[in-house]
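Side chains included, hydrogens not; waters and symmetry mates left out as well; all remaining heavy atoms used. Just so we're clear, the structure is a prediction, and the values are computed from it rather than from any experiment.
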Amino acid sequence: QVQLVESGGGLVQAGGSLRLSCAASGRTFSGYNMDWFRQAPGKEREFVAIISRSGSIIYYADSVKGRFTISRDNAKNTVYLQMNSLNPEDTAVYYCAAKWGSIISRKEDDMDYWGKGTLVTVSS
């Protein structure tokens, strides 16, 4: 069992930055690929970024590429999402999710564990 707890959300002006963290319980964090998803008001949840178990494979959604950076610290059981050049379209609840094993995925249905989310609001 893995518990994921996101933090770092808040209110920021357009053009600003935030750093989200997702802390995982358990001693097997390094065995999980980690994803970030987000759900904007009135919209379906969407993939944002993924980092593989070792951090060697990283993918981003086109909408955040060049602005967001995903990273992880396996010693601290934490995955991060650095978000720069934020715009109002980035307003959403951001979720981290974990998928066990060697195969990475950007699909919600493939995730094994989810956090409860942290709200990011970008004002114009």
Side-chain angles (χ1 to χ4, degrees):
Q1 188 78 3
V2 174
Q3 290 186 327
L4 303 174
V5 180
E6 302 94 336
S7 62
L11 175 63
V12 63
Q13 289 187 334
S17 298
L18 281 175
R19 187 195 197 201
L20 305 184
S21 299
C22 172
S25 65
R27 296 177 290 179
T28 57
F29 178 72
S30 60
Y32 288 89
N33 303 292
M34 300 298 298
D35 290 58
W36 285 97
F37 291 82
R38 68 184 181 183
Q39 187 167 20
K43 295 186 177 181
E44 294 187 351
R45 190 155 52 186
E46 63 176 1
F47 166 78
V48 174
I50 182 174
I51 186 165
S52 62
R53 297 174 298 176
S54 67
S56 61
I57 300 173
I58 290 174
Y59 291 114
Y60 298 98
D62 288 343
S63 58
V64 307
K65 200 174 296 182
R67 300 188 298 121
F68 290 11
T69 302
I70 189 171
S71 61
R72 67 188 295 161
D73 185 337
N74 286 343
K76 295 183 178 180
N77 283 11
T78 302
V79 61
Y80 305 97
L81 187 67
Q82 177 67 42
M83 306 186 296
N84 299 329
S85 301
L86 286 162
N87 59 62
E89 289 70 38
D90 296 316
T91 294
V93 177
Y94 284 73
Y95 300 89
C96 67
K99 179 186 179 299
W100 178 262
S102 60
I103 300 176
I104 63 172
S105 175
R106 311 175 207 191
K107 298 179 181 179
E108 292 183 52
D109 291 347
D110 289 341
M111 300 298 111
D112 296 312
Y113 299 101
W114 290 86
K116 293 183 178 181
T118 185
L119 177 62
V120 172
T121 303
V122 184
S123 63
S124 58

Item to complete: Begin with the C-alpha distance, continue with both residues' side-chain angles, and end with the deciding distance and a verdict on side chain to side chain contact (heavy atoms under 4.5 Å, CB included) for V79 and I70.
Response: CA-CA 7 Å; V79 61; I70 189 171; 4.0 Å; yes
Discussion item. Using the side-chain hydrogen bond (donor to acceptor under 3.5 Å, both in side chains) criterion, which residues pair with D112? Sequence neighbours excluded.
Written reply: none
Response to the item:
One should read off an interatomic distance between I50 CD1 and F37 CZ, to the nearest 0.5 angstrom, of 7.5 Å
Item to complete: For R53 and S30, indicate whether the former's side chain and the latter's backbone hold a donor-acceptor pair under 3.5 Å.
Response: no
Worksheet item: In terms of hydrophobic clusters joined by side-chain contacts under 4.5 Å, are W36 and L18 together?
Response: yes
Fill in: Distance-only donor-acceptor check, side chains D110 and S105, under 3.5 Å
yes
Worksheet item: Distance from S25 atom OG to N77 atom CG, nearest 0.5 Å?
Response: 8.0 Å
Fill in: Y94: partners by side-chain hydrogen bond (donor to acceptor under 3.5 Å, both in side chains), with sequence neighbours left out
R38
Discussion item. Do I57 and M111 land in one hydrophobic cluster if side-chain heavy atoms of ILVMFWY residues count as linked below 4.5 Å?
Written reply: yes
Worksheet item: E6 side chain to K116 main-chain N or O, any donor-acceptor pair under 3.5 Å?
Response: yes
Practice prompt. Go through the steps for Y32 and Y113 under the test side chain to side chain contact (heavy atoms under 4.5 Å, CB included), then give the verdict.
Written response: CA-CA 10 Å; Y32 288 89; Y113 299 101; 3.5 Å; yes
Discussion item. So, taking the atom named CG in L11 and the one named CD in Q13, what distance separates them when rounded to the nearest 0.5 Å?
Written reply: 8.0 Å
Item to complete: Could you note down all residue pairs passing ring pair (Phe, Tyr, Trp, His ring centres under 6.0 Å) where residues 59-93 supplies at least one of them, sequence neighbours left out?
Response: none
Response to the item:
Rounded to the nearest 0.5 angstrom, the OG-CG distance for S123 and L86 is 10.5 Å
Item to complete: Please check if the side chain of T91 supplies one atom and the backbone of V122 the other of a donor-acceptor pair under 3.5 Å.
Response: yes
Practice prompt. Output, in order, the C-alpha distance, side-chain angles, deciding distance and verdict of side chain to side chain contact (heavy atoms under 4.5 Å, CB included) for M83 and V120.
Written response: CA-CA 10 Å; M83 306 186 296; V120 172; 3.8 Å; yes
Response to the item:
Correct closest heavy-atom pair for A14 and S124 would be CB-CA, 4.3 Å
Discussion item. Please report the interatomic distance CD1(I104) to CE(M34), rounded to the nearest 0.5 Å.
Written reply: 13.5 Å
Fill in: Flag side-chain contact, heavy atom, 4.5 Å: Q82 against S71
no
Response to the item:
Separation between NZ (K99) and CD (E108), nearest 0.5 Å, reads 15.0 Å
Discussion item. Could you see if L4 belongs to whatever hydrophobic cluster contains L81? Use Ile, Leu, Val, Met, Phe, Trp, Tyr and a side-chain cutoff under 4.5 Å.
Written reply: yes
Worksheet item: According to a 4.5 Å side-chain heavy-atom criterion applied to Ile, Leu, Val, Met, Phe, Trp and Tyr, with indirect links allowed, do W114 and L119 form part of one hydrophobic cluster?
Response: yes
Worksheet item: Within the distance-only criterion (no hydrogens, no angle test), does the side chain of S56 pair as donor or acceptor with the backbone N or O of S54 below 3.5 angstrom?
Response: no
Response to the item:
Taking every heavy atom of S85 against every heavy atom of D90, the minimum-distance pair comes out as O-OD2, 4.3 Å
Response to the item:
Of all heavy-atom pairs linking N33 and R72, the shortest is CA-NH1, 4.1 Å
Discussion item. Quick one, T28 with W100, criterion side chain to side chain contact (heavy atoms under 4.5 Å, CB included). Give me CA distance, side-chain angles, the key distance, then yes/no.
Written reply: CA-CA 9 Å; T28 57; W100 178 262; 3.9 Å; yes
Response to the item:
Nearest heavy-atom approach of F47 to A61 is O-CB, 3.4 Å
Item to complete: Search all heavy atoms of T78 against all heavy atoms of A23 and return the closest pair with its distance.
Response: OG1-CA, 4.1 Å
Item to complete: Check L20 against G9 and note the closest heavy-atom contact, atom names and distance.
Response: CD2-N, 3.6 Å
